[in-house]
There are 2 protein chains.
Amino acid sequence: MTTIRDVARVAGVSPATVSRVVNGLIGYSAETQRRVEDAIAQLGYEPDTLARGLRTKQTAVIGVLAPVVSDALASEIMSGVEAAARVRGYSVMLGRTGPGSTFAPGYLRTLRTYRAAGVILISAAITPEMRRALGSGIPLVSVAIRDGQRFPSLAIDDEVAAYDGTRHLIALGHRRIGLLAGDPDSVLVNTARKRGYLRAMSEAALAPVIAHGNSLYDSAPPALADLLARDAGLTAVFALSDEMGPAVVNELQRRGRRVPDDVSVLGFDNTRTSQHVHPALSTIAQPLERMGELAVERLLTDGLPSTGPVPRILPHRLIERGSTAPIRPARPNPPRNKEQS
Amino acid sequence: MTTIRDVARVAGVSPATVSRVVNGLIGYSAETQRRVEDAIAQLGYEPDTLARGLRTKQTAVIGVLAPVVSDALASEIMSGVEAAARVRGYSVMLGRTGPGSTFAPGYLRTLRTYRAAGVILISAAITPEMRRALGSGIPLVSVAIRDGQRFPSLAIDDEVAAYDGTRHLIALGHRRIGLLAGDPDSVLVNTARKRGYLRAMSEAALAPVIAHGNSLYDSAPPALADLLARDAGLTAVFALSDEMGPAVVNELQRRGRRVPDDVSVLGFDNTRTSQHVHPALSTIAQPLERMGELAVERLLTDGLPSTGPVPRILPHRLIERGSTAPIRPARPNPPRNKEQS
DNA sequence: TTGTATGCGTTATCAC
DNA sequence: GTGATAACGCATACAA
């Protein structure tokens, strides 16, 4: 392994000068710089991260923790994190918060001993224990969740987003709109989203119909059954995740109902999965990749611990695809098979 | 930050002894051990990873590189990597190989300066440049791809798997079986899979019908159109990824064909997306999570660079869900004009 | 069984 | 503008 001393020897200067050149500091002649750079190129020198981190008490590492690594939503945020980190010369360390966030403190302790530049927490609430495990010198920002006022966070306004989604269905003429909510205990945003739905329904003097899943695909069919048991005449279902949304579309079709002709379905998140169903799912989009990028930016620019607890709200957006349509009057006969286009 | 010296002072011993206790070496009395452990607990001491790594020339870091971070297949492998790494006390560093693997060398250089314990490469071929960037001291294993005989790898036998899948469709009575292949240039396994399909078709004296997508969802509809243009009477489609598989199911339905009544669809990979369609996709399963775990195990157990180039083959498995069925005779009420051969 | 001393590769503080 | 030197926190060879 070639060290800064090797470079110094070849360039005929001292290690200190090499360090200055490498770090772009001032205090050397153009000629010296050239010689050092030549030596670096010749030897293929690369500064040792560990030694540097030990000395400077900082490494270019950003930790990312998500409840489940293979989750589509978390993956897309991570993708943004990776991109933003890479262009800035940072590396990403991946962890899983695990059930009840039990893994998180361990990961945060590790991140502390790595002297990480910051930590991004996806879809998980920051507990005091977690904050303690990380120590006080490392900034922490949570993404896709609004964690009260205690810690910095980056998210959409889930309540308004759900309100807007519900309003959209109402504007399409729907009156009997079911909500397929997620588990409020495991995914905090579900409370806010449910509130948005209730507010929109209440303002329109409509009766809410609610069932709960756990945000994942498999939880949706039984929850939908629950929903239909309460009101078999539902003409729209608002599913609060883009795993449940496609599941609702598929399950409705399995039950012989057409989407959107008989029932409109609206999803939430705009993950890739929303496009993996036919008809493609209309949904409320969160700027997931962008959230990941912004989280990095935020950690790195105003990364000091005194940044303050102001949550940052990002814009959501309604995306209309094929799964929502204006309500239709009861039809006489199912017009089947048409020419393909 | 509390160091090994602080612990030593509180415990009334030397730093060397603390180090011995921390690392579970021999050479201290039970009484000393107790005192040291008490001091550690009292101070909340945690060994500094950077200093330790600098000294031992090893860190508990495993690098994971995938073409696209948010890809379902890569995510599931990563999930296995994370789990296996965590229980062994290792951390995972995440990177993206990027278009043409252009990002990979940079990441590998970084991983080298971190003195990573090993690197796992998902779905990407190991180039000499990559191997050079990583240096010679760090083991590298590729997953979900068989990279010739040059580097260790962990994958299923893609050719046999595709052969088995095709045989299965044939066994169901299908004779006109289309293959929706991926791009052989970007995803090397596609060549082997295509070979397996061709062999099975040839053995059964059936005519192959092939079109190419790029393994992603959006590439499937046009490729399917291509396939149907070559043989509108196809009764089965074998799609070589679980993004293209659901896309084929959806697109066939959009064209007014029933799955599996009119056309059977078989996918490949068994990612979560295979269950996000209705009917759920029959597919060839790769043990993705397990692959991630095994990759970690392999790096850590026989992690030395001299491990040898033997590729390790994992078992694949055919999973029958709703999208495949025995061929049916032409049914009485055809939705469209048929009869063209 | 335990302690002392050294060095891993770097950066920062000083002197020149 | 440049170089010698100390220190970051740890593990280890060697001495005791």
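First the proteins, then the strands, lettered A, B, ... as listed; each starts at 1. As a basis for the values below, the full set of heavy atoms in this structure was taken, side chains included, without hydrogen atoms, waters or symmetry mates.
- Computed from coordinates, the A:Y114 OH to D:dG9 C1' distance equals 15 Å when rounded to whole Å.
- Of all nucleotides listed (D:dG1, C:dG9, C:dT2), D:dG1 comes nearest to the side chain of A:S29.
- Each end of the helix from C:dT1-D:dA16 to C:dC16-D:dG1 gets its own axis from five base pairs, and the two axes differ in direction by 40°, given to 10 degrees.
- For the pair A:L50/B:T59, a side-chain contact is recorded, criterion being any heavy-atom separation below 4.5 Å from C-beta on.
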Only pairs under 3.5 Å count here: list side-chain donor-acceptor contacts from residues 9-18 of chain B, not counting sequence neighbours, and write none if there are none.
{"unit_1": "B:R9", "atom_1": "NH2", "unit_2": "B:D6", "atom_2": "OD1", "d": "3.2"}
{"unit_1": "B:S14", "atom_1": "OG", "unit_2": "B:A16", "atom_2": "N", "d": "3.4"}
{"unit_1": "B:S14", "atom_1": "OG", "unit_2": "B:T17", "atom_2": "N", "d": "3.3"}
{"unit_1": "B:S14", "atom_1": "OG", "unit_2": "B:T17", "atom_2": "OG1", "d": "3.4"}

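- A:Y107 does not carry A:R96 over the face of its six-membered ring by the limits of under 6.0 Å from the centre and within 45° of the normal.
- For B:A51, the side chain to side chain contact (heavy atoms under 4.5 Å, CB included) partners are A:L54, B:D48, not counting sequence neighbours.
- Put simply, the side chain of B:V22 reaches to within 4.5 Å of the side chain of B:I40, judged on heavy atoms.
- With hydrogens and angles disregarded, no donor-acceptor distance shorter than 3.5 Å links the side chain of A:D269 to the backbone of A:T271.
- A heavy atom lying under 4.0 Å from DNA chain C marks none of the residues of residues 31-41 of chain A.
- The separation between B:L54 atom CG and D:dA7 atom P is 17 Å, rounded to whole Å.
- B:E297 places a side-chain heavy atom less than 4.5 Å from the side chain of B:R88.
- A:D6 places its CG atom 13 Å from the C1' atom of C:dC8, with the value rounded to the nearest Å.
- Distance, B:K57 NZ to D:dC10 C1': 13 Å, rounded to whole Å.
- Looking at residues two or more places apart in sequence or on another chain, you find a side chain to side chain contact (heavy atoms under 4.5 Å, CB included) between A:T49 and B:T113, B:Y114.
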Reading nucleotides 10-16 of chain C from the 5' end, what letters show protein touch, with B for base, S for backbone sugar-phosphate only, - for no heavy atom under 4.0 Å?
-> BBB----
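- Between B:D71 and B:S75, every side-chain heavy-atom pair lies at or beyond the 4.5 Å cut-off.
- Rounding to whole angstrom units, CG of residue B:L50 and P of D:dC10 are separated by 11 Å.
- No side-chain donor from either of B:S91 and A:T110 sits under 3.5 Å from a side-chain acceptor of the other.
- Side-chain nitrogen and oxygen atoms of A:S14 include none within less than 4.0 Å of the OP1 or OP2 phosphate oxygen of D:dT2.
- By the 4.5 Å heavy-atom criterion applied to side chains, A:V64 and A:M93 are not counted as neighbours.
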